[in-house]
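Single-structure report; data block below.
Predicted model only: the values in this text are computed from it and were never measured. Only heavy atoms go into these numbers, but all of them, side chains included; no hydrogens, no water, no symmetry mates.
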Amino acid sequence: MPKTPEELFAFLDRLGIAVTTREHAPLFTVADSQALRGEIPGAHTKNLFVKDKKDRYFLLTVEEEANVDLKSVHQLIGASGRVSFGKPDALMELLGVAPGAVTVFGAVNDAAGRVKVVIDAGLAAEPQINAHPLVNTATTTIGSADLMRFIRATGHEPLVLPLAPTSTAST
């Protein structure tokens with residue numbers, strides 16, 4: 001069974017990572033979430049769950065307005081050939097979330113380490129990062145260094161790469 005937001009928060013607490021979470025109406029797209037700008041400080045994320053032709057999975061986490069070139073990102077992340085979006089059943093199986101709630105916090109559900117977590121370098125440089133806490137009815141703010149510590153604690157070594165070199169994360 002995938003972890004609940006409460007189990008995620010308990011995991012973060014055990015790591016000594018302080019977060020703040022704000023509940024809100026369900027947000028399914030970046031456009032939906034932009035209505036909260038100004039109310040939740042920090043950089044906001046967009047997450048792409050993709051796979052390569054060898055069925056290796058990647059979670060690409062970038063700033064919400066970043067443009068990721070899906071035709072060439074495979075070269076940067078070490079995928080075998082071009083990537084395509086992962087299917088909803090694989091998303092649920094591997095990260096424990098449904099479409100519309102894809103989040104870097106899903107790494108907590110990938111105990112087998114089948115998903116490579118890739119964070120955009122511009123986003124990683126932001127002091128505060130916002131992501132859904134496994135559901136799209138809340139947004140959790142975490143410090144960038146704490147996010148990297150969380151990812152490592154889930155058994156993943158985050159790749160920090162310039163996925164969207166022209167993006168500019170904002171606070």
Side-chain angles (χ1 to χ4, degrees), residues 1-28 30 32-50 57-66 68 77 86 91-164 167-171:
M1 284 294 295
K3 292 191 176 12
T4 65
E6 293 74 21
E7 290 169 315
L8 168 66
F9 297 139
F11 183 80
L12 291 164
D13 190 54
R14 285 192 302 276
L15 294 172
I17 295 175
V19 297
T20 58
T21 299
R22 173 149 183 215
E23 293 187 10
H24 48 66
L27 303 173
F28 296 97
V30 168
D32 290 346
S33 68
Q34 288 179 331
L36 296 176
R37 286 319 147 262
E39 296 179 32
I40 301 176
H44 294 263
T45 57
K46 171 169 62 178
N47 297 274
L48 306 172
F49 177 67
V50 299
Y57 291 90
F58 302 82
L59 177 63
L60 311 179
T61 300
V62 300
E63 194 271 333
E64 68 181 349
E65 293 187 16
V68 177
I77 65 174
L91 176 62
M92 181 55 76
E93 176 189 340
L94 298 173
L95 296 179
V97 296
V102 183
T103 176
V104 68
F105 288 123
V108 75
N109 286 313
D110 181 31
R114 291 190 50 209
V115 179
K116 186 68 181 171
V117 179
V118 188
I119 308 292
D120 180 58
L123 179 67
E126 290 292 321
Q128 298 289 315
I129 297 173
N130 293 291
H132 290 311
L134 307 176
V135 294
N136 65 355
T137 56
T139 296
T140 296
T141 306
I142 186 170
S144 180
D146 285 337
L147 178 61
M148 297 305 166
R149 196 158 56 94
F150 159 79
I151 295 168
R152 288 184 182 98
T154 68
H156 298 80
E157 183 56 39
L159 272 179
V160 178
L161 299 170
L163 295 175
S167 72
T168 55
S170 60
T171 54

TODO: Applying salt bridge (Lys or Arg N to Asp or Glu O under 4.0 Å), name anything that partners D146, two or more places apart in sequence or on another chain.
DONE: R149

Open item on the list: Donor-acceptor check, side chain of N130 to backbone of T45, threshold 3.5 angstrom: yes or no?
Closed with: no

Looking at every heavy atom in both [X] and [Y], which two are closest together, and how far apart are they?
X	Y	result
P133	F105	CA-CD1, 4.1 Å
A131	T103	CB-OG1, 3.6 Å
A101	L134	CB-O, 4.2 Å
M148	V160	CE-CG2, 4.0 Å
N109	G96	ND2-CA, 3.7 Å
F150	A107	CE2-CB, 4.5 Å

Would you give the length of the straight line joining atom [atom1] of [X] to atom [atom2] of [Y], rounded to the nearest 0.5 angstrom?
X	Y	atom1	atom2	value
N136	H24	CG	NE2	7.5 Å
D110	I151	CG	CD1	12.0 Å
R22	T139	CZ	OG1	8.5 Å
E126	H44	CD	NE2	10.5 Å
L94	M92	CG	CE	11.0 Å
D13	E7	CG	CD	14.0 Å

Task: Residues which pass ring pair (Phe, Tyr, Trp, His ring centres under 6.0 Å) with F49, listed by chain and number, not counting sequence neighbours - done: Y57

TODO: Step through the shown structure and confirm whether more than 12 heavy atoms of other residues, nucleotides or ligands are within 6.0 Å of NZ on K116.
DONE: yes

- [ ] Compare all side-chain heavy atoms of V62 with those of K46 and state whether any distance is below 4.5 angstrom.
- [x] yes

Task: side-chain contact (heavy atoms from CB on, under 4.5 Å) partners for A125, two or more places apart - done: none

TODO: Go through T141 and I40 one step at a time and tell me if the side chain to side chain contact (heavy atoms under 4.5 Å, CB included) criterion holds.
DONE: CA-CA 8 Å; T141 306; I40 301 176; 3.8 Å; yes

Could you tell me which residues satisfy side-chain hydrogen bond (donor to acceptor under 3.5 Å, both in side chains) with [X], sequence neighbours excluded, listed by chain and number?
X	answer
T61	N47
T140	T21
E157	R152

Task: Of I119, D120, L161, L163, the residue whose pairing with L60 passes side chain to side chain contact (heavy atoms under 4.5 Å, CB included) - done: L163

